[in-house]
Each structure stands twice: as structure tokens, then as C-alpha cells.
Amino acid sequence: MADIQIFEGALDKGLEGVVACSTAVSSIQDATLSYRGFTIEDLAANSTFEETVFLLWNNRLPKAPELESFKKQLAAEYTLAPAFIQVLKTIPTKNVHPMAWLRTAVSLMAHWDGEANDNSNEANLRKGIKLVAKMGTLVAAFEAIRNGKEPVAPKSDKSIAWNFMYMLKGGVEPKADHVKIFDTCLILHADHELNCSAFATRVTTSSLSDLYSAIVSAIGALKGPLHGGANEQVMIMLKRIGTIEKAQAFVKDALSAKEKVMGIGHRVYKNGDPRAALLRKISDKLTADKGEHHWYQMSTLIDDTMYKEKGLMPNVDFYSATVYYSMDIPIDIYTPIFAVSRISGWVAHAMEQYANNRIYRPRGKWTGKTGQKWSPAASRQ
Ligand code: COA
């Protein structure tokens, strides 16, 4: 049988511009981010995270009773089983990044789910509900456990955003405006076409492995500083710069040293990430309210300087950093927050992949040696 045709010239490091699958989950066409045809501006202004999850999974907005029922299904799954919490307490937290801990915790979650290996649509929807409902509970449990405290139990009559802030702060009721802003952040991070972690989800799904395995792959991909890990790096960078006066020089030095300025640049958006525009406004207001407007001012100076020097603009991770910082969220929890939201998109991508599957199996262009001959170890030079 003849070898399958390889498209010469198609080699593109990082698969830039390569269309790897069809999708109807979210689109970034014409620099507009939309979920199932609804722009994120519309959803951020009017929707809730729970409603957005329903939209991503069902390709339509829920009717009022459907939304109520969906929220109840989620709330029924917020809690972690006591036996699971006991095991979570045994995972080391010292010198462990929260994303690494979360990756392990989600992998362990599968062992408490009798349907873990069932790839039917119905079972995957039930698993999706568990994953969305528990992701925030897990991240908050990590924060409690690493501080030697007991994880706070979620409240079933409250939203995912409310509960996350409540549990993370050790059972202190969050401010209503913070809950609203956090819910908006969850909406803005929910999905983003074929980003690195969505692709990782789909690659693992395409072998017909189970949903938990796909999500563990996705968490691993999101953790990296070129993807979701950038939001944490932005705040570390701002703190390292320290004062507004030093910001411009920092950017210029980074560029001449060919170092990346975190939270800036994007593979697809060359004229600005629409999420960054929304988060910039929130950052402006929140930092001012907190009496720490200098973080926003420093950010805008870096943003302007990067544009002038390199023509690059901020991505979603740039202004979300100061938004979370203003709400007193620990810096290394920023990327786990991304996972608390993006789990909704990952599940939608997995479901879409299962429904129209072909295993991902690209080719590599061979650049290694050929015709090597084995010789005994004693005679090797
Ligand atoms: N700081 C400095 N220079 C940057 C940059 C950044 N944040 N992002 C891109 N560039 C430069 C590259 O060095 C390259 O310059 P050159 O042409 O002079 O060599 C050029 O812009 C193209 O960048 P490239 O790395 O090829 O883009 P990409 O499409 O492969 O990568 C990102 C996209 C997002 C990974 C990249 O912009 C980046 O690393 N940003 C910082 C990390 C980040 O914020 N990630 C979150 C993404 S949502």
C-alpha cells in the first residue's frame, strides 16, 4: 500500500493558521470572541457563568425553568466527599504549584466516579456537571489545606462565583460587587476556540480516552506560562518592577534581552484581545476603589510601551492579574481560577470531539540521522 500523502510545505512550528477540526463552540473570527454565536460583550453584560455553561454545552440559552434546574444540578455537586477530602489532605502542598495540585486532584476525582470510564453522552454530561461544580471547591480546598485549615463547605443556594470567593477566604461572605466581577471573569475565560488546552482536551479525547483524562491533559497545558500561567507571571512582573517610573525601562530592557513581557501578545489577535479591553475597565475601577490605582497605571504604561516598541497588545491575562490582586486573591491562585472557568469550555470541546471523532495523528518532518548501525558497547568510540 502506498504511503499516505504528506503535504510538503505544511510544516508550521506551533501549527499557526492550521485548521485542525471543525467547531461550533466558540469563534474568534473577525477579532470577535463569541460563544455559540453570542458575543462575550453581550454575555459579560447580561449573563451569568452558570447560564454561559448551559449555552456552551447545549448550543442555546436555557429557558427560565431549565436554568433553575441546571443551577440545582450544579449546586448538588459542589461538595467534596469527606473521604476524598481526607485523600486530598495527603497530597503535598509545600513547594507545589496549585495547578500541579489541581491536576492531581482532578485525576483523583475520577476514582470517586463510577462512571469515569463511560463515554456516553449522558455520562459525560453528568461528569461535566461534577467537574464544573467542584473545580472551585477544589481550588479553595487547596488554599485551606496548604494553610493547615479545614476546607470550608460550599452553600448550595449560592452561585459558583459566590462560593469560590466565600470558600477561598475561609468562610467570609464576599462583597456583592466582587462576586459580580468574579462572575464576569468566569464568563470571559470560559472558552476560546482552539487554544492550547482545548486542543490538548481534544487530542486526549480523540483516542477515546475518558473525560477525566482529557481534563487532566488540559490542566497540564493551561499551567504553562505561555498559556494560562501568564496571569500569575504578570502580577509577579508588576511587583518586581515596583514603581511606575521603572516600567518603561523594564519593557525596553526586556525587549533588548529578547525576553517575553507576560500578558502581552497573541497568536491570533493582532489588533487586541476583546477580553483584555473588558478586563482593563474592571482593573481601572477596582484598583482605584482599593486605593492602589498605581497597579493599573503601571499596567497601561507597559501596554502603551509594548505597542509603541513592538506593535503588540495585551491578552486576557494582562489586566486580569490586577483585577484578582485587587480582590486579595493569592497570586498563585490566578491560573487555577482560569481552570475554574475554562473547565466549561474543555467539556464542550470534549463532547464535540466525541460526537465527530477521528484520532489526531499528525506527522513529524524527519530531521534526524539515517542508516545508523548497531555495534557492541565495548567497541563504541
Ligand atoms: N513580549 C515580548 N516579545 C513578544 C511577546 C511578548 N509578550 N510576544 C511576542 N513577542 C515577539 C516575539 O519575540 C516575536 O518577535 P520577533 O519576530 O522579533 O522574533 C514576535 O513577537 C512574534 O511572537 P511569537 O512568540 O512568534 O508569537 P506566538 O504566536 O508564537 O506566541 C504568545 C503567542 C501569546 C505565546 C506570545 O505572544 C507570548 O509568549 N506572550 C507572553 C505570554 C502570554 O501572555 N501568554 C498568554 C497568552 S493568552
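Sequential numbering from 1 along the given sequence is applied to the chain's residues. When a ligand or atom number is given, it counts from 1 through the structure's own listing order. These numbers were taken from a predicted model, which means no experiment stands behind them.
Take Glu309 and apply the side-chain hydrogen bond (donor to acceptor under 3.5 Å, both in side chains) test, not counting sequence neighbours, and it matches no residue. With sequence neighbours excluded, the residues satisfying ring-ring contact (aromatic ring centres under 6.0 Å, His included) with Phe182 are Phe164.
Among residues at least two apart or in separate chains, ring pair (Phe, Tyr, Trp, His ring centres under 6.0 Å) pairs with a member in residues 118-158 are Trp101-Phe142.
Heavy atoms from other residues, nucleotides or ligands lying under 6.0 Å from NZ of Lys169 number more than 12.
Two rings, from His192 and His349, have their centers 6.0 Å or more apart.
Between Glu77 and the choices Lys71, Lys127, Arg126, Lys134, the salt bridge (charged side-chain N to carboxylate O under 4.0 Å, His left out) rule is met once, by Lys134.
Protein residues with any heavy atom under 4.0 Å from ligand 1: Pro225, Leu226, His227, Ala230, Leu255, Glu259, Lys260, Val261, Met262, Gly263, Ile264, Gly265, His266, Arg267, Met306, Lys310, Leu312, Asn315, Asp317.
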